[in-house]
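Working notes, beginning with the structure itself.
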Amino acid sequence: MTDRIPEPAAEAAPRYDFRTAEPRWQDAWSARGAFRVADAPTDGKPKYYVLEMFPYPSGKIHMGHVRNYTLGDVVARYKRARGCSVLHPMGWDAFGLPAENAARERGIHPAKWTWDNIAAMRGELQRMGLSIDWAREFATCDPAYYGQQQKLFLDFLRAGLAERKESWVNWDPVDGTVLANEQVIDGRGWRSGAPVEKKQLSQWFLRITRFAPELLAALDTLDRWPERVRIMQSRWIGRSEGARLGFALERPADGIAEVEVYTTRPDTLFGMSFLALAPEHPLSAAIAARDPKAAAFVAECRSMGTSEAVIETAEKQGYDTGLRVRHPFLKDRTFPVWIANFVLMEYGTGAIFGCPAHDQRDLDFARKYGLAVPPVVLPPGADPASFAIRTEAYVGPGTAFHSGFLDGLAVDAAKRAAIAALEAQGQGKGEVNWRLRDWGVSRQRYWGCPIPVIHCAACGVVPVPEDQLPVRLPDDVSFDRPGNPLDHHPSWKHVACPSCGAPARRETDTFDTFVDSSWYYARFCSPGAAAPVDRAAVDHWLPVDQYIGGIEHAILHLLYSRFFSRAMRETGHLAVAEPFAGLFTQGMVTHESYRAPDGAWLYPEEIERRPDGTAAVRASGLPATVGRVEAMSKSKRNTVDPGAIIDRYGADTARWFILSDNPPERDMEWTEAGVAGAYRFTQRLFRLVEALDPLPRAPRPESFGPAALALRRAAHRAVAAVTEALESFGFNVAVARLYEFANALAEAERAAADPGMGWARREAAGLLARVIAPMMPHLAEELHARLEPASPLPASPLVAELPWPEPDPALLVAETVTIAVQVNGKLRGAIEAAPDAPAEAVLAAAAAEPNVARALEGKRMVKRVHVPNRIVNFVVAG
RNA sequence: GCCCGCCUGGCGGAACGGUAGACGCAGCGGACUUAAAAUCCGCAGUCGCAAGACGUGGGGGUUCGACUCCCCCGGCGGGCACCA
């Protein structure tokens, strides 16, 4: 496709040539090592660790990357200027399925494909002018990284944080691999979209559940995380309080005498109507073995499980087994045992007691099969004689009734009393349950980190000895048949048992790639260490002060990382529990979408916008349909290539536009007009500074004329305002303040003859160059270099190495303030006054303002409100 | 169904409870130009000649004063969803 992004229009005025300037400054930063930091610095500066989620090396960066890394770079450059020693690294999340797909589809080795992509993307990122310490770069597919990961795993294994379990797994038949629960979405594989099957396999698990209470409780300490991320995690961990209790079968069947149930509502036990088993429950299986109808029902549930349509309609279905159980409190009563499709084997005990009056699912089920619905919680103020359940279960507060010894107790007290009674009878106990499951990390894949164990017929699972790490992936693999190439490899898996020396077999599974990204933040502190981390380095740099990335990682990646820091703490690798002290989740980059008359999606470059707002296909002139503004995606072809934008406008322009459009947590719309506007501003700044060139260095004047003083005030106020905006992630506001700053400097050109103006303009320009630097670092250097020979500001070769300017407090105080004057809350005028002028004088002046005086005429003064330097409000009557 | 977020000019958005619409984009007028582009100077919430009135999704409330705080309702977006 030909490149149809238009050149910025030619200009007559002198123009800033970003094409030569940007590489020049990038070289200058690199030559001076401006962004290098030590693993364990001793410079005494406060540390600041800025990290953006590292990219998957797909081959090209996209606008989401540009936004992510621009945000991080602004923070990094700002914090550096504020005197911090800033760790700002970059690396590659380099294992994963696309590399294997490339191998299968195009015959390229995954390693070559990955490293070529990394080289290409590194070049693109470097063109953005990011202040990254590139000496720390690593890729997770490098044995130097994954070998350390294997070492970590062996430590976890020794510490009991990793274990092998025979378990039902989610099997993706298309990808030919096991999926974590989190990777199953609506019963389908998150990547392939294929219906997931249940399969029993021996798998490696990381015991994240061991930290469930801590992972939940510590969320409260993450006060610089978005609230919604914390809520999502807390729901995912899913703590619930309740009771586990046994129901004795009236007549033991199939060798089973009792069914265990988990409930969060032991207070409603007297409202029981039935007991329900999951189709996968052992008792269900036992019944099915001798009851063909039960078997048919169980089979039906299993086949339904994967159909999306059925899951969504989710009708309750059950099968009455004919068995009955005794009630723990009502000794003379028994209840039917059903197998029900809505009971999950994975949660609790795989069996429930049904209390239809106070649980909607149980109610739906009871209504369908005509089961009893006895209410046992009375809402406040309801009449016990007439209270009845119709189509909605009552789940609110109330007091127990029809409930024997619980009668009269409020819900919480009744729960405690019921649990106490169960415990006294030895039939149950209070129990806290968690939704979080252990993390299955085995994947039947080639392009991942090998799990460093050996299976020996005699010795069982034997860890690979440390001196034999890393367990390297073999290079000579073929992808010509489905399944795991490691398993097919003729020799790789055949090894001697490290323990007994007998022939044994290597583990051929590799780690879930989420493992790779769960500790990379720690590795960045000492990327060359011979151990997973250097303790001094992680103790210095961790936690990450500001982590920035997409909301799509709100649960998995962030939760796994929080687990890893704890696991690494337990195994002595680091000291912090929480890896990310601050988290910022950016919005997506969106763009208009376009369609040709035949319905095909078109790239933005293929479209011409007409002045009347319509769009046409460039090549044919036919009318095109302008579609929704939505997230950039290849399928909709509404993508914009960052490389092409940087070619045409430069990195600073791209950075500036992306920051200026809107608040960074919201979705932004990429528009051609917006980029063009940002580009014009870079040229304007350059012209403003160029106009100062011929002026010689001069000492600071004794006094300034009114226009020069006004400029100085505007400049120092702007510095203060930009500082405040940057501190609070208000980048779009910082941009607005910088536009105002530039406008003030431009306006000053017209009062060039004002006393002291030459000096004031150069001071302002110097300040401007330095405060735009976090956002437009190349232009900042260019402006600074031009000003330097004549600048009254302290000399230094690079803005990147200069401290952040401090505004002069004297210039931040206004000479006069404008005070708005209201009458009965309506604006009637405004007066100028000296700052902090006496209240009586201000009130008198306000009342005398002609428009105000007119509004006050003939009225009785009720109240006079005076907010110093802000507003006066006269409250009148009559 | 539950949870979270959002709703301000043509558009993106700004605004410690204190002059709503800063700043930018698009637009309009003017200067420069043979012309255009670029640049520069201006205008610009709506209605109104003006005075003024109205105006931050709708309705109520607190307050001298509400985009901002509280309650109710509506719309849009996102997340979770048989978790007992």
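Since we're looking at a predicted model, the values are computed, not measured. Scope of the values below: all heavy atoms of this structure, side chains included, with no hydrogens, waters or symmetry mates. Letters go in sequence order (proteins before strands), and every chain restarts at 1.
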Would you say A:F335 and A:F353 make side-chain contact, with heavy atoms under 4.5 Å?
-> no
Roughly, in whole Å, what's the span from CZ in A:R870 to C1' in B:C16?
-> 7 Å
For nucleotides 23-28 of chain B, 5' to 3', base contacts (B), sugar-phosphate-only contacts (S) and non-contacts (-) with protein non-hydrogen atoms under 4.0 Å give SSSS--
Salt bridge (charged side-chain N to carboxylate O under 4.0 Å, His left out) partners of A:E630, counting only residues at least two apart = A:K636
Test the A:K316-A:F342 pair against the cation-pi criterion, namely NZ or CZ under 6.0 angstrom from the six-membered ring centroid and within 45° of the ring axis.
-> yes
Restricting to nitrogen or oxygen on both sides, can you table the protein-nucleotides 5-9 of chain B pairs closer than 3.5 Å?
none

Integer angstrom distance from the P of B:A26 to that of B:U39 | 10 Å
Do any side-chain nitrogens or oxygens of A:N341 fall under 4.0 Å of OP1 or OP2 in B:C82?
-> no
How close or far is atom P of B:G79 from atom CG of A:L556, stated in whole angstroms?
-> 14 Å
Mind checking the P distance from B:G27 to B:C71? Whole angstroms is fine.
-> 44 Å
B:G17 to B:G61 separation - C1' atoms, rounded to the nearest Å | 15 Å
RNA chain B in dot-bracket, Watson-Crick or G-U pairs under 3.5 Å, [ ] crossing, | other strand?
-> (((((((..(((.....[....))).(((((.......))))).(((....)))..(((((..]....))))))))))))....
Could you give all pairs that pass the salt bridge (Lys or Arg N to Asp or Glu O under 4.0 Å) test and reach residues 654-667 of chain A, with sequence neighbours left out?
-> A:D73-A:R655
Those residues at least two apart in sequence (or on a different chain) that pass side chain to side chain donor-acceptor pair (under 3.5 Å) with A:H553 are none
Residue pair A:E672 / A:H591, side-chain heavy-atom distance below 4.5 Å | yes
Ignoring backbone atoms, establish whether A:N732 has a side-chain N or O less than 4.0 Å from OP1 or OP2 of B:G13.
-> no
Protein proximity profile, nucleotides 49-67 of chain B - base contact B, sugar-phosphate-only contact S, no contact -, cut-off 4.0 Å on heavy atoms | ---SSS---------BS--
Does a side-chain N-to-carboxylate-O contact under 4.0 Å join A:E227 and A:R230?
-> yes
Atom P, compared across B:C11 and B:C82: separation rounded to whole Å | 40 Å
Salt bridge (Lys or Arg N to Asp or Glu O under 4.0 Å) pairs touching residues 855-878 of chain A, sequence neighbours excluded, are A:E840-A:R864
Who passes side chain to side chain donor-acceptor pair (under 3.5 Å) against A:Y739, sequence neighbours left out?
-> A:W656
In chain order, what residues pass the side chain to side chain donor-acceptor pair (under 3.5 Å) check against A:Q233, with sequence neighbours excluded?
-> A:R562
For B:C41, does OP1 or OP2 lie under 4.0 Å from any side-chain N or O of A:R750?
-> yes
Taking only residues at least two apart or on different chains, which pairs with a member in residues 272-284 of chain A satisfy salt bridge (Lys or Arg N to Asp or Glu O under 4.0 Å)?
-> none
How would you label the contact of A:V343 with the nucleic acid (heavy atoms, under 4.0 Å): base, sugar-phosphate, or nothing?
-> base
Return the set of residues passing side chain to side chain donor-acceptor pair (under 3.5 Å) with A:R713 (not counting sequence neighbours), or none when no residue passes.
-> none
B:G21 to B:G5 separation - P atoms, rounded to the nearest Å = 28 Å
Taking atom C1' of B:C82 as reference, at what distance in whole Å does atom CD of A:Q317 sit?
-> 13 Å
